[in-house]
There are 2 protein chains.
Amino acid sequence: MPKTPRFTPKHNEEKQSRNAEVTKANILSAAIEEFAQYGLSGARTENIAKRSGVTKAMICYYFKNKKTLYQAVLNQLVLEINESFEAIDIEQQPVEQALESIVRSYIKFESKNRWHGMLWFQEALQNQGRYGEQTGWQEGFQSIVKLLEKGINEGVFRKVDPFLTAINILGICSFYFDAHENLKYLEPDRELLSSETIEQQTDAVLDLLVSGLMAS
Amino acid sequence: MPKTPRFTPKHNEEKQSRNAEVTKANILSAAIEEFAQYGLSGARTENIAKRSGVTKAMICYYFKNKKTLYQAVLNQLVLEINESFEAIDIEQQPVEQALESIVRSYIKFESKNRWHGMLWFQEALQNQGRYGEQTGWQEGFQSIVKLLEKGINEGVFRKVDPFLTAINILGICSFYFDAHENLKYLEPDRELLSSETIEQQTDAVLDLLVSGLMAS
DNA sequence: ATTTTAATTAAACAACTGTTTAGTTAGCGT
DNA sequence: ACGCTAACTAAACAGTTGTTTAATTAAAAT
């Protein structure tokens with residue numbers, strides 16, 4: 001069994017040449033980027049190696065092969081999304097406020113975590129790892145549906161189709177980031193990923209959704 | 001110089017074994033599907049060949065190589081989207097009605113033309129062919145922005161950010177189709193691509209957008 | 001009918017890419 | 001300080017994939 005190497009105990013953890021955990025993590029995060037851009041068959045192990053500053057052999061050393069690495073990436077992402085969203089308590093807050101906090105945290109997640117949405121999209125396009133069937137984000141989706149139903153029953157939201165509307169909410173939040181590389185040419189001056197613009201976008205989304213959903 | 005073979009003049013154009021135009025078109029449409037799913041580097045010429053029922057050699061015979069074929073696909077798609085949207089006259093109609101006809105025709109286009117949106121997304125993810133810079137869809141986008149500005153000036157629409165809102169409209173319309181392979185697991189009973197559900201989705205989108213945008 | 005040309009294919013080729021191997025080195029434990 | 005083990009590398013290997021070649025066949029032209 002492998003003994004777990006620790007960070008350099010003295011001085012600080014400046015640069016440490018050999019550390020299994022670290023390089024493994026480096027490969028994984030490089031792989032996320034590569035797979036997010038190019039998908040399973042389009043990704044190149046060479047690129048993943050370069051991105052993480054190791055040789056191709058390391059990938060097989062730690063992850064057996066490309067496909068296994070891809071699965072590892074998928075699992076990693078499921079973990080990350082779960083821990084990001086389990087904190088939110090929708091049940092307590094009033095529906096309008098709950099909607100706002102969901103949208104805010106989802107947009108924040110997408111902006112901090114670009115690769116996630118992109119990889120999710122690759123999965124949608126190619127559907128190889130059956131990411132769509134994985135638990136985790138499905139529950140998140142269902143909680144949006146529930147929230148909408150609750151709001152409708154309370155008479156706060158208009159009578160929309162909860163399922164389709166939940167999809168559309170997801171779409172509004174994701175599209176801006178996932179399609180960014182194409183959208184950025186539209187108004188080159190406006191830096192779409194700057195924190196100010198993201199702030200404006202968040203407001204725009206909330207504005208549109210709240211006005212679109214509220215009764216009366 | 002190649003003489004252009006015509007369709008069989010007599011009887012009908014049932015099945016014709018050898019016809020450059022037809023096989024070229026077959027390859028092109030097979031390539032659209034393959035590239036839309038797997039992107040440039042992920043696509044396999046072998047698959048494109050199989051999908052179009054010819055040998056790999058034909059691809060190079062007609063399109064030189066994979067990259068050139070990819071460019072041809074991109075050009076083809078620009079043509080198609082242009083001819084689909086140049087017909088719409090937004091200027092004349094009242095803004096609310098114009099918005100509705102844009103959304104309707106955009107959703108219809110996406111539903112009839114699944115690969116387009118998917119390929120556009122691949123471009124967004126990998127940004128290799130600079131599809132985002134290509135003319136055509138940018139103009140379409142600008143016309144949505146213009147429409148929103150007009151509606152705001154007339155006091156029909158609320159004072160939203162026209163640029164961001166245009167992106168969000170696009171997002172709502174696209175996401176449903178582009179992410180379909182992941183969304184379809186959410187409610188397996190509901191056939192998302194059936195004409196009824198698409199109809200419902202169109203109504204849901206229009207409902208959300210109109211309520212979200214209208215003043216008063 | 002025959003010739004000619006373009007469309008098409010099968011198989012070889014070449015380039016690329018994922019995986020393995022054998023060997024090297026850093027760092028920990030003693 | 002020394003040796004052992006795990007982290008790591010370079011290069012070879014094997015499998016895949018894009019492209020080319022040479023031969024074949026269908027259809028148009030004469």
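Convention: sequence-line order gives letters A, B, ...; per-chain numbering from 1. Owing to the predicted nature of the structure, the values given are computational and were not obtained by experimental measurement.
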Q. For DNA chain C, whose closest nucleotide is more 5', that of Gly53(B) or that of Glu46(A)?
A. Gly53(B)
Q. How close do Tyr38(B) and Ala43(B) get, heavy atom to heavy atom, and via which atoms?
A. CB-N, 3.5 Å
Q) Counting side-chain heavy atoms from CB outward, which of dA7(D), dG18(D), dT21(C) is closest to Ala57(A)? A) dT21(C)
**Q.** Candidates dT19(D), dA10(D), dA7(D) - which lies nearest the side chain of Ala20(A)
**A.** dA7(D)
Round to the nearest Å and state the distance from [X] atom [atom1] to [N] atom [atom2].
X: Met58(B); N: dA23(D); atom1: CE; atom2: P; answer: 17 Å
X: Lys66(A); N: dT16(D); atom1: NZ; atom2: C1'; answer: 11 Å
X: Tyr61(A); N: dC8(D); atom1: OH; atom2: P; answer: 8 Å
X: Arg18(B); N: dA7(C); atom1: CZ; atom2: P; answer: 9 Å
X: Tyr62(A); N: dT20(C); atom1: OH; atom2: P; answer: 16 Å
X: Phe63(B); N: dA7(C); atom1: CZ; atom2: P; answer: 13 Å
X: Lys56(A); N: dA12(D); atom1: NZ; atom2: P; answer: 13 Å
X: Leu69(A); N: dG18(C); atom1: CG; atom2: C1'; answer: 12 Å

(Q) Is it the case that the side chain of Asn113(A) and the backbone of His116(A) share a donor-acceptor pair, with hydrogens and angles ignored and the cut-off at 3.5 Å? (A) no
(Q) So that I can tick it off, tell me whether Arg44(A) and Glu34(A) are bridged by a salt bridge, with the cut-off set at under 4.0 angstrom between side-chain N and carboxylate O. (A) no
Q) Among Val145(A), Leu209(A), Leu148(A), Leu170(A), which one satisfies side-chain contact (heavy atoms from CB on, under 4.5 Å) with Thr165(A)? A) Leu148(A)
Q: State whether Thr45(A) places a side-chain N or O below 4.0 Å from either non-bridging phosphate oxygen (OP1 or OP2) of dT17(C).
A: no
Q) Would you say the side chain of Gln122(A) lies within less than 4.5 Å of the side chain of Met118(A), judging by non-hydrogen atoms? A) no
Q: Would you please indicate if the ring centroids of Phe175(B) and Phe175(A) are separated by under 6.0 Å?
A: no
Q. Less than 6.0 Å separating the ring centroids of Phe141(A) and Phe163(A)?
A. yes
Q: Mind running a 4.0 Å heavy-atom check of residues 23-44 of chain B against DNA chain C and sending the residues that fall below it, in number order?
A: Thr23(B)
